[in-house]
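Let me begin by presenting the structure, written as structure tokens, before commenting on it.
Within every chain, numbering begins at 1; the chains are lettered A, B, ... in the order of the sequence lines, protein sequences first and strands thereafter. Since the model is a prediction, treat every value here as computed from it, not as a measurement.
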Protein chains: 2
Amino acid sequence: MELDERKSKILKAIIQNYQETGEPVGSRTISKYSDLSLSSATIRNEMSDLEEMGLIVQPHTSAGRVPTDLAYRMYVDQLMKEDREKENEKAELSVPDQKSDFLIKRMDRMELMLEQVARIVADKTNYAAMVSSPRINQTKLKFIQLSRVDEYKLLMVLVVEGNIIRNKIFDIHEDLRDQDILSLNLLLNSNLNGLTMDEINLGVITHLTEQAGVHKDIVNRVLEEVAKAIRPDHSVEVYTSGATNIFKYPELSDNETASEILDTFEEKKQLAKALSDGLKADGHQGIRVYIGDETPVDSMKDCSIVTATYELSDGLKGTIGIVGPKRMDYPKVMKTLETLMQQLNAIFPKVPELEKKEPDAEGDVNIVEPAEDEKE
Amino acid sequence: MELDERKSKILKAIIQNYQETGEPVGSRTISKYSDLSLSSATIRNEMSDLEEMGLIVQPHTSAGRVPTDLAYRMYVDQLMKEDREKENEKAELSVPDQKSDFLIKRMDRMELMLEQVARIVADKTNYAAMVSSPRINQTKLKFIQLSRVDEYKLLMVLVVEGNIIRNKIFDIHEDLRDQDILSLNLLLNSNLNGLTMDEINLGVITHLTEQAGVHKDIVNRVLEEVAKAIRPDHSVEVYTSGATNIFKYPELSDNETASEILDTFEEKKQLAKALSDGLKADGHQGIRVYIGDETPVDSMKDCSIVTATYELSDGLKGTIGIVGPKRMDYPKVMKTLETLMQQLNAIFPKVPELEKKEPDAEGDVNIVEPAEDEKE
DNA sequence: ATTAGCACTCGTTCTTTTTGAGTGCTAACA
DNA sequence: TGTTAGCACTCAAAAAGAACGAGTGCTAAT
């Protein structure tokens with residue numbers, strides 16, 4: 001059977017109506033709701049066809065129709081598109097940044113900012129939001145330094161490309177003069193700086209340990225940490241917000257389902273997996289839509305997930321995702337994500353290296369500066 | 001009216017039965033359940049008295065009785081105590097530590113460890129758990145260092161007592177020779193190390209800025225960060241786990257209530273407030289119980305909260321809390337928290353300063369070392 | 001003081017009835 | 001040939017009613 005113009009319109013009307021009400025939608029409703037003026041009887045005939053095509057089903061005889069996953073897929077891939085040009089109701093969500101910070105107090109850490117982004121998206125859309133911290137793909141070591149903290153403790157500071165900082169405190173049991181520390185620093189910096197994971201090969205390592213002499217175990221421990229710091233797929237944090245929004249959708253808020261979904265949100269590992277999925281293949285403009293069974297997470301078979309990939313200046317890529325009922329407002333969600341991406345890109349311009357900062361009097365914040373102690 | 005021996009027993013029986021079943025408990029049940037062999041009629045008379053005393057109520061005529069908040073209060077304060085000596089079913093929960101780390105992979109950060117503690121407690125009790133990171137009361141600055149990262153960026157590393165590390169990257173717009181950095185470091189360390197918040201007074205500050213000469217704005221920015229790092233009541237993280245456990249208790253799992261509670265768990269600020277409450281006045285062994293309306297959080301009027309204060313070696317104090325229905329198993333929960341405290345204390349012994357670490361070959365972990373970049 | 005007995009209450013559960021939204025089909029119409 | 005009015009039919013959900021039974025309070029006997 002053919003999905004002609006009229007059938008499309010009817011299907012779209014059904015989807016949109018169902019999106020709003022959450023109730024199965026009947027022929028009479030469409031007859032009035034849509035602009036094509038047809039009697040309910042005609043609509044019924046068309047609906048019958050649509051059902052045969054597997055695009056809608058009725059929960060029981062004498063109920064209205066509900067779109068199937070297939071219909072949503074079709075909606076997202078085709079039907080929706082046509083409207084999207086017109087629809088220009090400026091999605092005015094404000095990403096917290098340094099300049100217009102009326103929404104946010106201080107955003108001096110990436111972590112806070114991602115949390116805020118999640119919150120804003122969740123508030124704006126009324127769905128649940130999740131954001132994965134960017135993961136680094138191939139990072140250069142930029143700076144390394146050892147310093148003595150007290151008699152038995154050595155502090156190591158690593159800075160990698162993107163100004164991500166990593167600290168580690170070592171206990172030392174051996175004698176170590178300040179002079180030794182100095183030369184170790186020199187040794188490490190001159191040999192390691194600017195190198196990527198791959199470039200630190202056995203040659204470099206043996207050279208280092210040889211040079212280190214008696215302190216070679218310190219060098220080894222340093223190398224271990226370096227490896228951790230620049231390892232490509234080092235684990236990813238996930239920030240979430242608005243998980244309880246699912247209670248706004250009856251089809252998700254029976255205890256069984258809700259509990260499972262919320263569990264997943266608490267146990268962020270699975271979310272991380274779902275989000276990193278989107279990183280691999282960039283669909284249309286980096287936005288991907290998973291409908292029902294397509295979702296990579298078991299507990300969300302009754303949901304849809306929309307993800308988008310963001311990229312910060314240093315090539316740090318992360319994903320932001322929205323979880324809602326299958327009847328979610330796809331156009332709105334996708335629009336939201338799109339403008340969000342644009343804004344993020346505007347804030348973090350893709351200047352290859354050494355982007356010059358405009359010197360603004362006070363507290364000009366380092367955008368990528370996640371490393372701090374765990375407080376505040 | 002007098003709460004005699006028998007009434008106590010009956011009340012206790014009611015509470016315990018209700019704790020298990022969640023259903024109003026009737027006279028017949030008690031007549032059989034409790035060891036005092038009395039007919040249901042007698043129990044009924046006593047119950048009538050208990051109701052008059054405000055210790056139990058019936059949801060409606062012809063229903064069993066349910067304990068009031070007052071009854072729980074009495075139970076926690078008195079009734080329960082008697083049994084607690086006998087009850088020695090060793091609460092075997094294993095705090096993740098370095099030695100017995102079968103439960104945990106790597107605990108090289110406080111953050112991870114607190115998360116794990118929350119998880120374990122939640123799993124063990126079947127209630128929701130929350131843990132606040134320790135807050136520092138009066139901290140000394142231990143170490144400070146500036147280093148150049150690249151032409152326009154200066155990295156500052158602070159270490160404060162307890163080996164908490166804080167990083168900050170400054171943009172610099174002025175000329176700064178390596179020699180200048182060295183002397184700045186010298187200047188800062190010799191003047192600030194070992195000082196607490198209070199001791200860094202105007203005298204010290206003016207002396208510093210004077211000495212700094214042209215670089216006095218750098219010093220100012222450093223001081224600003226120092227202030228943040230050692231500020232006494234710097235904000236507190238809260239780790240939670242098992243929030244969805246509330247679905248196990250029907251009285252909490254209608255959508256309205258559940259949604260509110262879960263919201264509170266997502267919005268951790270309120271939890272932080274509730275937890276910090278316990279820090280102030282140490283009740284019996286640091287364990288406090290809030291029943292129903294006593295809870296400091298509005299959305300948890302239908303819950304009870306049990307909190308305990310833990311203290312790590314460096315005088316870092318935090319709170320761990322358990323949220324459950326008012327009919328929670330108080331003895332079990334309190335027991336759990338008690339043994340947990342003991343274990344934490346065992347792992348972090350209260351040696352005043354410079355606790356000697358047993359040198360174990362590899363990766364001897366710094367217990368208090370929260371500061372790292374946001375990954376892993 | 002305790003208890004057996006009994007009438008009474010009232011939420012829960014099960015069954016029945018009613019309602020109405022929605023369908024499919026047919027026959028008439030343009 | 002496509003559209004529509006009309007009508008019988010279905011079935012979930014809502015409303016109404018009946019039966020149940022857990023639990024109570026009271027009284028009278030022990």
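Salt-bridge check for A/Lys273 with A/Asp277: failed, with every basic side-chain N at 4.0 Å or more from each acidic carboxylate O.
A/Asn45 and A/Ser48 form no side-chain donor-acceptor contact under 3.5 Å, judged by distance and modelled atom types alone. Checking B/Tyr290 against B/Arg288 by side-chain atom types alone, a donor-acceptor pair falls below 3.5 Å.
Between the CD atom of B/Glu5 and the P atom of C/dA1 there is a distance of 18 Å, given to the nearest Å. Atom CD of A/Glu51 and atom P of C/dG22 are 15 Å apart (whole Å). Between the CD1 atom of A/Ile43 and the P atom of C/dT23 there is a distance of 10 Å, given to the nearest Å. Nucleotide D/dT24 holds its P atom 14 Å from the CD atom of B/Glu46, rounded to whole Å. Rounded to an integer number of Å, the gap from CG of A/Asp49 to P of C/dC25 is 12 Å. Distance CE (A/Met47) to C1' (C/dC25): 17 Å, rounded to an integer number of Å. In this entry the distance linking CD1 of A/Ile14 with C1' of C/dT23 reads 13 Å, nearest Å.
Each of A/Glu20, A/Glu251, A/Glu23 was scored for a salt bridge (Lys or Arg N to Asp or Glu O under 4.0 Å) with A/Arg327, with one residue passing: A/Glu251. Among A/Asp302, A/Asp69, A/Asp293, the one residue that satisfies the salt bridge (Lys or Arg N to Asp or Glu O under 4.0 Å) test with A/Lys326 is A/Asp69. Exactly one of A/Arg44, A/Lys7, A/Arg65, A/Arg6 qualifies for a salt bridge (Lys or Arg N to Asp or Glu O under 4.0 Å) with A/Asp49. That residue is A/Lys7.
Between A/Val25 and A/Ile15 the shortest side-chain heavy-atom distance does not fall below 4.5 Å.
Side-chain nitrogen and oxygen atoms of A/Arg44 include none within less than 4.0 Å of the OP1 or OP2 phosphate oxygen of D/dT3. Close to D/dT4, at under 4.0 Å from its OP1 or OP2, lies a side-chain N or O of A/Thr42.
Against DNA chain D, the stretch residues 25-38 of chain A makes heavy-atom approaches under 4.0 Å through A/Leu38.
Checking D/dT4, C/dA4, C/dG24 against the side-chain heavy atoms of A/Ser39 singles out D/dT4 as nearest. For B/Ala41, taking side-chain heavy atoms from C-beta onward, the closest of the listed nucleotides D/dT24, C/dT3, C/dG24 is C/dT3. In this structure, of D/dT4, D/dT24, C/dT3, it is D/dT24 that holds the atom nearest to the side chain of B/Gln58.
Within 4.0 Å of B/Thr61, counting heavy atoms only, lie sugar-phosphate atoms of the nucleic acid but no base atom.
A residue-by-residue look at B/Ser62 and B/Asn45 shows that B/Ser62 has its nearest nucleotide of DNA chain D further toward the 5' end. Map B/Arg6 and B/His60 each onto its nearest nucleotide of DNA chain C; the residue landing nearer the 5' end is B/Arg6.
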